[in-house]
2 protein chains.
Amino acid sequence: MATSTKRPARKQSTSSRSTKKAPGKRAKSKEQTKARILNAALELFGKKGFYKTTTKEISQKARIAEGTLFNYFKTKEDLALYFFETELQTCIDWYYKDDYVQAAPLPEKLFALVQHYLDRIEPYQEFIGAVYLRALQPRSKLNPLSLEVQELRIRELKFIRDILDEAEEKEEVPPFGEFGVYALGLGFMGILTYWLNDRSEGKENTLALLDRALTLANSVLRQGGWEW
Amino acid sequence: MATSTKRPARKQSTSSRSTKKAPGKRAKSKEQTKARILNAALELFGKKGFYKTTTKEISQKARIAEGTLFNYFKTKEDLALYFFETELQTCIDWYYKDDYVQAAPLPEKLFALVQHYLDRIEPYQEFIGAVYLRALQPRSKLNPLSLEVQELRIRELKFIRDILDEAEEKEEVPPFGEFGVYALGLGFMGILTYWLNDRSEGKENTLALLDRALTLANSVLRQGGWEW
DNA sequence: GCGTTAATATGAGTATACTCATTTTTTGGG
DNA sequence: CCCAAAAAATGAGTATACTCATATTAACGC
């Protein structure tokens, strides 16, 4: 019964043809399989939601055996988490390519960054709630709140720290150091949580909250006043 | 059933003191069963951890059928969550009975409260990580970050708000309103997360962080200075 | 007591994330 | 080409949270 599926269509048309290129057949096929899984998962999650999508369905749609899926992703949640990591990275890249944003004052910068990120993960809204919380789990590599435990090797944390360092250098902010990174991470998490709960049109409440929080923080830090 | 004493039932006659005690057999047995479940669960969670404890084991230890467990708690996680709600309530009660704490300035007050809470949930440490995150889930009743969605009916939020109101009244803090409640809730969550990751002796790192955060916040708010 | 109704208990059954021993495919050396 | 080892795929099997139709028990009016 096996074998009916994957059959490499092209037998080798002799060894000469395929001169072991850099990728190699194996690596290439692996990549493709992974892509198929991700496509299938994304489509199904979007259509039926994270919980109602079974790993069996995903495998079928990706045309692989169910077990294979777990060779690529340790758990179903890891599979979903993949999208956020990707988007986060995209967001970081975006930042470093946009001179205007980079030059802006801290509050504007943070506002733009968060807004950008929220825009990007919008499609995953339905299932992000089910999954992003995992990132807070004590052992998770994505946990922005376990700074002292893990040695700041993680991309995302490094990014936050870079932004903060720059602001400290420009004296936009007092030298908070680690503490600041932690606080920023926490604040981001708060916004994300609020966003998840936000039923307002175009998530405007979240943006309003974000704006208010940044303005307030800025004003408190700069002039020690709270009349905003 | 109980004695065969005829009990000429009367239609109404509310005055009938006949039925000895208020509880009634049913309510009583229900209470006992619930208690048995909680005891069994607590012991097993403590001994084997949340994930390795099966609902079957819990039922057996509580001497009930497996299905019965789910008549009392919708999910296994709800069962675990029960302990936190209880401890939180205990904590709130403790606060209102301690005049000294109530009279203290806000930072000391918050420090004492959090420390007290952490002390109390210490025994559940092993499994709290697995479960408390659920509280952040968009729909959760415990989510301290979904203020505007849910109308502040929840005990815990009300408590935070009361404390903040009082501080605002005493002018220890500017009138932040809802915003303040949200921020406090978020801060508490941050501490809890840090605590979960804290491997230091006696969780002293967490206490240090808490102290630092409160001192800093206080100083920034009061004098607009950040030399602390 | 007896009958009726509603609450509660039951445990076999279901769904599904994940495992693992086995099979298939790829690679690379002779 | 062929073979052996490594990598990857496979799908039947497992574990377990949770459901549900049925059975048991309590409550209460007569």
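Throughout, a chain's letter reflects where its sequence line sits, starting with A, and its residues are numbered from 1. No experiment lies behind these values; they were computed from the predicted model shown.
Proximity note for Tyr72(A) (side chain, C-beta onward) versus dA9(D), dA26(D), dA17(C): the nearest is dA9(D). In this structure, the nucleotide among dT25(D), dT10(C), dA9(D) sitting nearest to the side chain of Arg26(B) is dT25(D). In the set dT10(C), dC18(D), dA8(D), dT10(C) carries the atom at the smallest distance from any side-chain atom of Ala65(B).
At whole-Å resolution of the value, CD in Glu31(A) and P in dA8(D) are 12 Å apart. Distance CD (Glu66(B)) to C1' (dT8(C)): 17 Å, rounded to an integer number of Å. Atom-to-atom, OH of Tyr51(A) to P of dC18(D) comes out at 11 Å; the value is rounded to the nearest Å. What separates NZ of Lys56(B) from P of dG13(C) is a distance of 13 Å, to the nearest Å. Residue Lys28(A) contributes atom NZ, which lies 16 Å from atom P of dA8(D) at whole-angstrom precision. To the nearest angstrom, C1' of dA12(C) lies 15 Å from CZ of Phe70(B). To the nearest angstrom, P of dT10(D) lies 9 Å from CG of Asn71(A). The distance between atom NZ of Lys48(A) and atom P of dT16(C), rounded to the nearest whole Å, is 8 Å.
Within the 4.0 angstrom heavy-atom criterion, only backbone atoms of the sugar-phosphate kind lie near Ile64(B); the bases stay farther away.
Each of Thr55(A), Leu81(A), Leu69(A) was scored for a side-chain contact (heavy atoms from CB on, under 4.5 Å) with Lys76(A), with one residue passing: Thr55(A).
Close to dG11(C), at under 4.0 Å from its OP1 or OP2, lies no side-chain N or O of Thr68(B). For dA17(C), one of the phosphate oxygens OP1 or OP2 lies less than 4.0 angstrom from a side-chain nitrogen or oxygen of Thr55(A). Between Lys76(A) and the phosphate of dC18(C), there is no side-chain N or O to OP1/OP2 separation shorter than 4.0 Å. A sub-4.0 Å separation between OP1 or OP2 of dT16(D) and a side-chain N or O of Thr54(B) is absent.
A salt bridge links Glu43(B) to Lys47(B): at least one charged side-chain nitrogen sits closer than 4.0 Å to a carboxylate oxygen. Salt bridge absent: Glu57(B) and Lys52(B) never bring a charged side-chain N and a carboxylate O closer than 4.0 Å.
Residues Lys74(A) and Arg63(B) each lie close to DNA chain C; by heavy-atom proximity, the contact nearer the 5' end of the strand is made by Arg63(B).
Considering only heavy atoms from C-beta on, Phe176(B) stays 4.5 Å or farther from Leu184(B) through its side chain.
Lys203(A) and Gln115(A) share no donor-acceptor pair across their side chains, judged by distance under 3.5 Å alone.
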